[in-house]
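Chain letters run A, B, ... following the sequence lines, proteins first, then strands; residues in each count from 1. For clarity, every value in this text was computed on a predicted model and none was experimentally measured. Quick note: numbers below take in every heavy atom, side chains included, and nothing from hydrogens, waters or symmetry partners.
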Amino acid sequence: ATFGDYGGQYVPEALMPALQELEDAYERYVLENEDGFMDEFRERMRDFGGRPTPLQRADRLSERYDREIYLKREDLVHGGAHKLNNALGQVLLSKYMGKERVIAETGAGQHGTATAMAAAHLDMPCEIYMGRTDVNRQRPNVYRMRMNGAEVNPVEAGSGTLKEAINETFRDWATTVETTHYVIGSVVGPHPFPKLVRDFQAVIGREAREQIREKAGRLPDSVVACAGGGSNTMGTFHEFVPDDDVALYAVEAGGSSLGVDEEEGVAPNSATLSTGTDGVLHGAMTKLLQSEEGQIVESHSVSAGLDYAGVGPELANLVETDRVTPVNVDDDAALNGFHRLSNLEGIIPALESSHALGYLEESHDELGDLVVVNVSGRGDKDLETVLEETEKRDLEAAPDVEVFDG
Amino acid sequence: ATFGDYGGQYVPEALMPALQELEDAYERYVLENEDGFMDEFRERMRDFGGRPTPLQRADRLSERYDREIYLKREDLVHGGAHKLNNALGQVLLSKYMGKERVIAETGAGQHGTATAMAAAHLDMPCEIYMGRTDVNRQRPNVYRMRMNGAEVNPVEAGSGTLKEAINETFRDWATTVETTHYVIGSVVGPHPFPKLVRDFQAVIGREAREQIREKAGRLPDSVVACAGGGSNTMGTFHEFVPDDDVALYAVEAGGSSLGVDEEEGVAPNSATLSTGTDGVLHGAMTKLLQSEEGQIVESHSVSAGLDYAGVGPELANLVETDRVTPVNVDDDAALNGFHRLSNLEGIIPALESSHALGYLEESHDELGDLVVVNVSGRGDKDLETVLEETEKRDLEAAPDVEVFDG
Amino acid sequence: MTDDSNAAPESDIETAIRENDPALITYITAGDPSLEDTKRYVEALDRGGSDLIELGLPFSEPVAEGATIQAAINRALDAGTTPEGFFELVDDLETEAPLLVMTYYNMILQYGSEPDVRPFVERAAEAGLSGIIVPDLPAEEADPLREACDDHGLDLVFIVAPTTEGERLETIMSQVSGFAYVQARLGTTGARADVSTATHESLERLSEYDVPKAVGFGVSEGDHAAEIVEAGADGVIVGSALIDIVAGSDDPAADLEAKAEELKRGAVRGAESLTVDTEDTPEPEQP
Amino acid sequence: MTDDSNAAPESDIETAIRENDPALITYITAGDPSLEDTKRYVEALDRGGSDLIELGLPFSEPVAEGATIQAAINRALDAGTTPEGFFELVDDLETEAPLLVMTYYNMILQYGSEPDVRPFVERAAEAGLSGIIVPDLPAEEADPLREACDDHGLDLVFIVAPTTEGERLETIMSQVSGFAYVQARLGTTGARADVSTATHESLERLSEYDVPKAVGFGVSEGDHAAEIVEAGADGVIVGSALIDIVAGSDDPAADLEAKAEELKRGAVRGAESLTVDTEDTPEPEQP
């Protein structure tokens with residue numbers, strides 16, 4: 001396999017030639033910068049995407065936790081999250097490969113909107129698959145994709161969420177593979193996707209590593225990032241992996257409780273690294289939330305972007321080899337993290353990133369004197385969810401928001 | 001007056017000492033960088049605000065208009081618009097001045113959210129005045145302010161919009177002036193606000209001027225920015241004003257038609273520079289939309305952020321002295337500009353900025369070979385408005401967005 | 001009051017205050033709820049013992065006013081009150097008390113065919129007004145209007161705020177004509193339940209200047225008037241409390257007259273207490 | 001079919017195809033709508049002339065399937081179909097036609113106490129299955145499963161796609177056991193109205209290899225079967241068209257049997273036309 005026991009290419013035969021073509025393109029364009037691909041990618045990420053993003057000292061969190069806390073501000077990337085790093089890279093690569101069309105899956109819509117933006121920017125026809133349930137509950141993101149000129153194809157099957165959207169995108173790809181590139185949204189899927197996406201996202205850690213050395217004069221004691229599929233996690237960690245003294249924490253969504261309800265086929269969490277078992281999903285051997293029989297269960301998290309039953313195989317391997325520590329915090333802790341950063345630092349974080357901040361609150365004592373936390377995205381998209389979920393709970397960090405009539 | 005015939009300090013006597021104190025602080029901290037104020041401001045705008053923002057070549061617009069079009073990407077500033085440049089500057093200044101509290105007015109909520117973010121970041125108590133009508137129709141922004149820990153005070157008077165909010169903020173300030181700084185949201189108000197805000201915003205043009213020289217090897221033939229109160233306009237233009245060969249276009253909201261309906265006390269536009277007459281509003285002599293008798297009329301634009309009956313006095317003077325050319329485009333042209341940039345470049349612009357893009361479409365032939373357009377903010381906030389307004393119209397640039405059930 | 005403005009005595013207002021010390025200065029908004037009503041109300045205030053009457057010419061953005069006068073202004077604007085209508089009202093009025101107009105600077109500028117303060121002042125003088133108060137015109141910006149007022153024999157009344165100190169106080173006091181409008185407290189106009197410490201401090205600060213001082217902002221009762229006069233004021237200014245009557249009373253004219261009488265009595269009581277027992281000045285209340 | 005799996009003949013499947021060329025291979029999803037029904041349906045397909053029968057073991061993420069089989073899988077999962085239930089069904093079945101299991105790799109991995117393909121293969125052999133088809137297991141990842149299959153005398157059937165060319169085709173064909181599953185067109189499973197150009201091209205490309213070739217993906221009618229056999233296939237594979245009967249018929253068993261007969265007749269017709277007039281091969285349809 002690609003990463004220790006994890007990774008591989010578990011896909012229908014029809015897709016294998018495309019994966020080999022992609023592997024070839026990955027090696028030439030990404031690894032060897034053929035035709036200046038990486039130069040163009042970096043230039044577009046600078047001018048279109050807004051890179052580099054800052055590494056900001058969080059003054060009030062530093063005070064609160066009595067140590068130096070730095071935030072990597074991926075929320076400032078065009079589109080509001082790290083997602084564009086990957087989407088732009090892949091859409092550009094598909095152009096270099098001579099593809100005529102890109103497709104992508106999306107759950108809550110973050111990867112879909114990033115892909116649609118990148119495709120508009122690069123004048124590439126784009127179709128996004130999105131579960132019917134997600135289409136109806138994430139309308140603003142559907143509109144954003146439409147406004148960027150992408151087709152949005154609602155997937156009617158099953159529960160109409162991310163898993164079904166991925167399955168349907170694979171089906172489209174199996175039909176159109178000769179002319180179409182599938183822009184996978186995280187460090188998941190068959191080889192070479194986990195490496196490709198990681199390399200496009202690795203700019204996060206590369207910048208952060210340089211920035212922290214410049215600002216703090218040394219490498220951090222620990223780096224904390226949330227983990228769903230794992231693209232912001234791998235992107236943040238990759239450059240630090242060889243730095244043995246830097247502890248890496250992948251914070252998963254503990255949801256409402258850990259464990260799998262076999263009866264219902266549901267896991268009320270997305271803590272794949274912490275609680276999952278090895279198996280094959282969406283093209284790769286990795287850690288999964290599954291029943292004993294091997295059926296994939298529905299994961300759950302207050303954060304739609306972490307709500308996935310699998311995880312990147314490289315991250316699974318880094319956990320298996322003890323380089324990355326998997327931890328998790330529950331929905332309440334994430335919501336408190338959301339409110340705390342909004343209130344103390346004037347940054348409204350994505351609910352995904354709020355998990356990293358929740359972990360910081362709970363376990364800062366174990367993180368050393370100098371901590372980098374990746375703020376993978378902004379939380380504007382999550383306002384409605386946060387309001388609803390906050391109302392149901394008694395959260396210490398939440399403000400009173402009632403200023404409306406009747 | 002401060003700028004030719006415009007500017008001045010038309011405020012209640014009680015506020016005059018505060019304005020003089022502010023003038024003193026402006027000179028010491030902003031102009032002379034006392035105690036390293038400007039250094040800290042720039043550092044925070046870099047690390048917290050995400051500066052510098054890119055100047056991006058717009059490939060497809062350049063092709064469409066057969067000239068070089070560059071976009072200044074203020075939509076990438078933290079919070080989604082140039083507004084933070086000013087809000088952070090003033091909140092930081094209020095700290096240097098030893099103030100205990102800041103207040104601000106907001107219409108659609110952009111300046112309010114920027115001020116709330118800055119105040120959270122700098123640990124400064126903050127209250128925002130917002131018309132009741134605006135509070136009820138801009139809930140997401142109200143929530144964002146609350147989440148950043150700001151109080152939001154609904155103003156019940158009048159039509160419950162921006163004008164009333166400004167009046168009410170002046171009233172608060174007249175009561176609390178000794179301990180409170182009023183963070184005015186644009187280059188309007190009494191001296192020294194127009195200069196202060198301009199200087200905080202001038203980073204836009206300073207960066208753009210350097211960037212265009214680096215990228216295109218020369219200064220642009222023209223610079224285009226939308227104009228409501230005029231803070232992004234002055235921020236973009238300021239550094240170019242001495243460059244006589246650079247034409248400066250301030251694009252106002254033509255709304256549904258030009259002119260003032262005296263009977264109704266309403267102007268169905270916000271084209272103050274193009275159609276306004278001289279008068280005094282909110283502390284300064286400037287150009288205004290007013291009745292013959294001097295009553296301020298209600299302005300209207302599809303873009304809430306341009307919807308103001310006054311304009312910055314310095315901008316009025318630059319128009320009066322023919323350095324800046326005032327132009328305007330109507331609601332339809334702005335909406336088409338919104339869709340065009342979203343579709344062609346993968347950037348969803350604020351409706352404010354869409355006016356500049358609408359003007360580019362209509363008059364690109366007059367703008368020379370090298371054009372810089374300021375994208376003052378992102379349009380996520382405007383999605384709902386755009387959908388509603390698009391549905392009412394037959395717009396050539398609009399996509400079909402219907403992918404929903406029933 | 002239709003005689004030629006040039007004939008208006010140079011010191012109409014100052015005389016009215018000095019001769020009636022402690023003077024009562026009353027304010028209502030013209031056109032609230034109609035100019036006809038305003039005429040009756042002004043006459044009632046005159047009968048009730050006002051020594052000076054301020055008439056508000058409504059402006060759409062009254063940033064110095066509290067909720068009460070804002071509402072009055074909105075009612076007046078909704079009723080279609082215009083500067084010309086206002087002047088015609090003044091043309092018609094025949095009061096004992098001299099009249100002042102209180103309005104915002106833009107209203108003055110816009111009167112006439114282009115932005116210029118002179119047409120307004122000329123017309124004000126012609127209508128028989130004795131002075132002008134402009135809440136958004138500090139001394140620094142007042143030269144054009146003061147010159148026009150001087151030319152037409154009108155007083156331009158300046159406001160002295162609790163924050164007005166040092167050099168600025170000097171400047172303003174050197175320019176005062178008519179009287180110094182002493183703002184009783186920070187904030188906007190509006191009836192309050194007490195007299196602020198700031199009032200006492202302001203009057204103290206102003207005691208060295210030999211110009212009439214009238215205190216406004218928050219005065220609503222005879223007892224306030226008494227206290228203010230005891231503290232050294234030459235007059236009290238009452239506005240919002242009268243607007244409350246205009247807006248809420250079944251017989252505003254009668255109630256306005258009665259209220260003016262109460263206030264005037266209060267002021268006089270204050271003056272008497274001052275003469276009788278200068279040592280027994282009541283403690284200023286704590287804010 | 002309860003005899004020891006080690007006794008299963010090495011070439012069960014290949015024999016079934018070669019001896020019955022043109023062979024009919026039928027597929028249904030086990031557990032749709034229940035395992036009891038599946039038993040009756042399999043027996044009907046066997047009676048109808050199936051030469052091989054594929055039984056789908058449902059997996060929650062069937063990425064290679066079109067809408068029809070997806071729906072069947074969902075029905076089977078909703079009915080509580082488990083691998084153990086599946087194997088018990090196979091234990092019970094006594095068919096003329098050898099049986100294959102078609103499932104996704106994770107189902108194979110997870111059978112038993114920890115991720116390992118061997119327990120599944122052992123149990124499959126024990127239940128009397130003759131082979132395994134795994135739509136998400138390309139040759140590159142197949143070593144562990146192929147070894148286990150070899151150990152237990154099961155065929156591991158590989159799919160050859162329209163995109164499978166050159167070196168990869170060589171590799172796959174060198175590993176084929178049982179037969180080569182020729183994917184008729186790009187895309188997913190599902191009944192279609194025609195036979196694609198890709199089918200003809202694939203069979204052309206495979207003509208040099210001396211292994212049985214069966215064509216699936218989109219075959220729904222006797223005429224398709226005929227055309228495919230005429231184009232050089234040794235067998236036709238039909239799935240979605242049968243699922244449609246399972247889901248929609250009033251008497252699925254009878255209709256499945258009739259459909260199998262129609263398809264087998266079509267295949268035989270194709271073979272006959274090939275023997276009679278090899279020069280009159282129909283033009284491949286344009287896509």
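- Across all their heavy atoms, C/Ala161 and B/Ala14 have their closest contact at CB-CA, 3.4 Å.
- Of residues 175-185 of chain B, those residues lying under 4.5 Å from chain C by any heavy-atom pair are B/Thr175, B/Val177, B/Glu178.
- The stretch residues 81-89 of chain C places C/Thr82, C/Pro83 near chain B, each with some heavy atom under 4.5 Å from a heavy atom of that chain.
- Residues B/Gln20 and C/Glu140 are in side-chain contact: their nearest non-hydrogen atoms beyond the backbone lie under 4.5 Å apart.
- Counting all heavy atoms, side chain and backbone alike, B/Asn167 lies closest to C/Ser60 at ND2-O, 4.5 Å.
- Counting only heavy atoms from C-beta outward, the side chains of B/Glu292 and C/Gln110 never approach each other to under 4.5 Å.
- In this structure, no portion of B/Ile166 lies under 4.5 Å from any heavy atom of chain C.
- Residues satisfying the side-chain hydrogen bond (donor to acceptor under 3.5 Å, both in side chains) criterion with B/Ser231, sequence neighbours excluded, are B/His82.
- Atoms CG and CH2, on C/Leu186 and B/Trp173 in that order, are 12.0 Å from each other to the nearest 0.5 Å.
- Of all the heavy atoms in B/Asp278 and C/Pro115, the pair that sits closest is O-CG, 3.6 Å.
- From C/Glu61, atom CD reaches atom CD of B/Glu164 across 7.0 Å, with rounding to the nearest 0.5 Å.
- Nearest heavy atoms, B/Gly8 versus C/Glu141: CA-OE2, 3.2 Å.
- In this structure, chain C has a heavy atom under 4.5 Å from the side chain of B/Ala157, while its backbone stays farther away.
- When heavy atoms are compared at a cutoff of 4.5 Å, B/Glu168 approaches chain C solely by way of its side chain, counted from C-beta outward.
- Interface remark: C/Ile108 contributes no atoms to any contact with chain B (heavy atom separation under 4.5 Å).
- For the pair C/Ile159 and B/Glu13, the tightest heavy-atom approach, listed with the atom from each and the gap, is O-CG, 3.2 Å.
- At least one donor-acceptor pair under 3.5 Å links the side chain of B/Gln295 to the backbone N or O of C/Pro58.
- Between the OH atom of B/Tyr10 and the CG atom of C/Asn106 there is a distance of 10.5 Å, given to the nearest 0.5 Å.
- Contact detail for B/Gly294 and C/Phe59: the closest heavy-atom pair is O-CE1, 3.2 Å.
- To the nearest 0.5 Å, atom CG of residue C/Leu137 and atom CD of residue B/Gln9 are 11.5 Å apart.
- Applying the 6.0 Å contact sphere to CD of C/Gln175 captures more than 12 heavy atoms from other residues, nucleotides or ligands.
- Listed by chain and number, the residues in a side-chain hydrogen bond (donor to acceptor under 3.5 Å, both in side chains) with C/Gln70 are B/Arg171 (sequence neighbours excluded).
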